[in-house]
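The structure presented is a predicted model; accordingly, all values stated were derived computationally and were not measured. Remember, it's 1-based here, ligands and their atoms both numbered in the order they're listed. Side chains are part of it too, since the values below use all heavy atoms of this structure and drop only hydrogens, waters and symmetry mates.
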Amino acid sequence: MLKVNNNFLKLAGSYLFTEIAHRVADYKAANPQAPVIKMGIGDVTLPLPKASILAMQKAISEMAHKDSFRGYGPEQGYDFLRNAIAEDYKMNGVQVEADEIFISDGAKSDTGNIGDILSKDCKVALTDPVYPVYVDTNVMAGRAGELQANGMWSNIVYMPCTKDNGFVPSLPKEQVDVIYLCFPNNPTGTTLTKSQLQVFVDYALKNNALILFDAAYECFITEKDVPHSIFELPGARQCAIEFRSYSKMAGFTGTRCGYTVIPKDVVAEEDGQKVSLNKLWLRRQCTKFNGTPYIVQRGAAALYTSEGRQQVRQMADYYLENARIIREALIKAGYEVFGGVNGPYVWAATPNGQSSWDFFDYLLKEKNIVTTPGVGFGPSGEGYIRLSALGSRENTIEAMSRF
Ligand code: MLT
């Protein structure tokens, strides 16, 4: 008899952003004239950088000729992109080798798939609130246990990030094997300083744990003491994997490209033998992934040229200015807000203690603004909404005038 992976049955019917999309679609169907502004899912709105477009056009032309056509590429990515990334790390004082870099179709897939190479028995710690992919994929893998009445999974260790601790998580209260950290943070838009992140690296080294560090929002860092890469910190090469993405950095949410760095120094022990996670991931990718399209990788590599770098900077600055506009408008309107300085998300407390979903519904129906309810990111997100600064300037200003 056919059986399914019944861990999937433990999950909510739909993924957070799918649920929001359904609610918005229902509202729009009933109110087709409503001038709805989307500040929910963090989707970008500026077109791709010119440097990427030109590189991709050239790559398409190569595909049109027999002698420059490319079929299957290396599953781990083309050398031209891996070398450019390694060089970029080096320019920033971080030692990462090209063969420690795995090109992919984005950080969502990689942070979701990385669990393939980890035991089902690993104890996982997550910040709360958190990017829902980390939770849901651990539920799918059977690591999360059961969903409890308080919205927490019985086998996951939660590290609350609240205004009381300045959104800086404390170390897990019990020993864990895997710690997911995303900084600059999705959803709160807040960051950790180098010394705050070092606490986690030291913990991981001491406890043989692995840090999965999602740096998808690195390009938005504006403050000095905020690490751009976990590998800036001593010891991190022995205990961390870093995920990066071109989605927010270069408008690749639809184009799809990112990468994962697994230092060769990260090893686990299995039956007294040292096992390289870099090798396991390569094995996984060669079996389950056929590489990011050549054309897309050319588009990504162009971001490391001087024109590309300049265009990426302009793009990040544009969204950071939106974030500033959102922050200031909300503060003026009396809201308590966080984030939006080193990241494209603003995290705002709901007024009068309203629940996240109630305030989400109010904003959708009365103000025609789509946000993301904080509780969708975890129990500690209750009483907050998240606003994305990745929209257009006009829509950002218009939405803020409605507050
Ligand atoms: C978000 O809104 O949290 C992100 O856009 C989701 C993602 O990057 O997958």
Steps toward side-chain contact (heavy atoms from CB on, under 4.5 Å) verdict (S52, Y246): CA-CA 11 Å; S52 288; Y246 298 105; over 6 Å; no
Nearest neighbour in protein (non-hydrogen) for atom 5 (O) of ligand 1: K248 NZ, 3.0 Å
Donor-acceptor pair, side chain of Q273 and main chain of E269, under 3.5 angstrom: no
Nitrogen or oxygen atoms of F17 and ligand 1 under 3.5 Å apart: no
Spatial distance of atom CG (N322) from atom OG1 (T396) [nearest 0.5 Å]: 3.5 Å
Residue pair E174, K123: steps toward the salt bridge (charged side-chain N to carboxylate O under 4.0 Å, His left out) verdict: CA-CA 9 Å; E174 56 186 286; K123 189 86 175 175; 3.7 Å; yes
Ligand-residue contact atoms, ligand 1 with I41, heavy atoms, under 4.0 Å: 2 (O), 5 (O)
Atoms in ligand 1 flagged as close to G42, the criterion being non-hydrogen separation under 4.0 Å: 1 (C), 2 (O), 5 (O)
Ligand-residue contact atoms, ligand 1 with Y345, heavy atoms, under 4.0 Å: 1 (C), 2 (O), 3 (O), 4 (C), 5 (O)
For N186, atoms of ligand 1 separated by under 4.0 Å from a heavy atom: 1 (C), 3 (O)
Aromatic ring proximity Y180/Y131, centre distance under 6.0 Å: no
Any N/O pair K108/ligand 1 closer than 3.5 Å: no
Heteroatom proximity flag, Y15 to ligand 1, N/O under 3.5 Å: no
Short side-chain to backbone donor-acceptor contact, N165 and P160, under 3.5 Å: yes
Pair D88 + R309: basic N to acidic O under 4.0 Å: yes
N or O pair under 3.5 Å between D43 and ligand 1: no
For atom 7 (C) of ligand 1, closest protein heavy-atom neighbour: Y131 OH, 3.2 Å
